[in-house]
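Everything on this sheet refers to the single structure shown next.
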Amino acid sequence: MTVTLTFLCATAPAPLTDTRLGDGPQSKRAVRAAAAAIAALPPHSLAVRAPSTRCALTAYSLGLDTTPEPGLRDLDYGKWYGSTVGDIVADDPFGLSAWLTDPDATPHGGESVRELCRRTAHWLSSVPTDAGHVLAVTEPAIIRASLVHAMAAPARAFWHLDVPSSVLSLTSRGDRWSWSTRLGYIAPVQRWPSDVERSPADRIDRDESLVSLRS
């Protein structure tokens, strides 16, 4: 049987250094982006959402009747929760550089990118084969991790996927997931030729210009 899982991102793109890690209220920009994306949503038989306030408000503002799904919770940012990326650049530049380049790094004491990818893959495997069309209102980190799984990409590809506020669909026929987008794109970012002998500050500058952090 075919299962289609459509993700609706609950956040809108923002400048990297202004991005605040963790939950929070919707921005007006996010509300507008979600309202624009709603027209692209296909009919669904089941609607779920991440348990965050942000995702609950997104679903409510769009008139969606959703069920909280713990497996869709955002990455655990540990001691960085509530901080902006700009704050972390100032306070822990080496930790931020490691986090953006090593999927096993946990400088914040929370969840690693690899652990998030494994958790998300486990949740994807738990979606019933007879679920039909499922809508999930969730966090950008979950969408990236789902793409890593669907593309059979290594965990280190996580930060090399740019996920704007858009509608992303994954389809499974029982063996593997494939993906497509509406009102958006999934684009790998370019890389510097080498990180060898680059300082953490150089890497952060590179990441700020090339890596989209929407969480």
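Starting from 1, each residue takes its place in the sequence as its number.
For S83, the side-chain hydrogen bond (donor to acceptor under 3.5 Å, both in side chains) test picks out no residue, with sequence neighbours left out. When the side chain to side chain contact (heavy atoms under 4.5 Å, CB included) test is applied to A47, the partners found at least two apart in sequence or on another chain are H44, T66, L135. Under the side-chain hydrogen bond (donor to acceptor under 3.5 Å, both in side chains) criterion, S61 pairs with no residue, sequence neighbours left out. Legend: residues meeting side-chain hydrogen bond (donor to acceptor under 3.5 Å, both in side chains) with S52, ordered by chain and number and at least two apart, are E139. Applying the side chain to side chain contact (heavy atoms under 4.5 Å, CB included) test to S45 and every residue at least two apart in sequence or in another chain returns nothing. In this structure T53 satisfies the side chain to side chain contact (heavy atoms under 4.5 Å, CB included) test together with D23, L57, sequence neighbours excluded. Residues satisfying the salt bridge (charged side-chain N to carboxylate O under 4.0 Å, His left out) criterion with E111, sequence neighbours excluded, are R119. The ring-ring contact (aromatic ring centres under 6.0 Å, His included) search around H108 returns W80, W99, not counting sequence neighbours. In this structure, the side chain to side chain contact (heavy atoms under 4.5 Å, CB included) partners of D130, at least two apart in sequence or on a different chain, are M1, P128. For D91, there are no side-chain hydrogen bond (donor to acceptor under 3.5 Å, both in side chains) partners two or more places apart in sequence or in a different chain.
Scanning both residues, A59 and R49, for their nearest heavy atoms gives CB-CD, 4.3 Å. Nearest heavy atom pair, residue A136 against residue L5, reads CB-CD1, 4.2 Å. Pairing each heavy atom of F7 with each of L170, the nearest pair is CE1-CD1, 3.7 Å. Of all heavy-atom pairs spanning A90 and P93, the tightest one is O-CD, 4.2 Å. The two residues A10 and C55 have their closest heavy-atom pair at CB-SG, 3.7 Å. Nearest heavy atom pair, residue W159 against residue R144, reads CZ3-NH1, 4.0 Å.
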**OP:** Could you walk me through whether V137 and L64 pass side chain to side chain contact (heavy atoms under 4.5 Å, CB included), step by step?
**Re:** CA-CA 9 Å; V137 180; L64 297 172; 4.1 Å; yes
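At least one donor-acceptor pair closer than 3.5 Å links the side chain of S126 to the backbone N or O of W123. Remark: the backbone N or O of E115 is not paired with any side-chain donor or acceptor of R118 at under 3.5 angstrom.
In this structure, OG1 on T138 lies 7.5 Å from CG on D74, to the nearest 0.5 angstrom. Of the inter-residue distances, the one linking R20 atom CZ with Y81 atom OH reads 10.5 Å to the nearest 0.5 angstrom.
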Could you list the donor-acceptor pairs under 3.5 angstrom formed by side chains in residues 145-155, with sequence neighbours left out?
residue, atom, partner, partner atom, Å
S146, OG, I142, O, 2.9

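The salt bridge (charged side-chain N to carboxylate O under 4.0 Å, His left out) analysis of residues 93-107, with sequence neighbours excluded, yields the pairs D104-R114.
Using a 4.5 Å heavy-atom threshold, the side chains of V85 and L96 count as touching.
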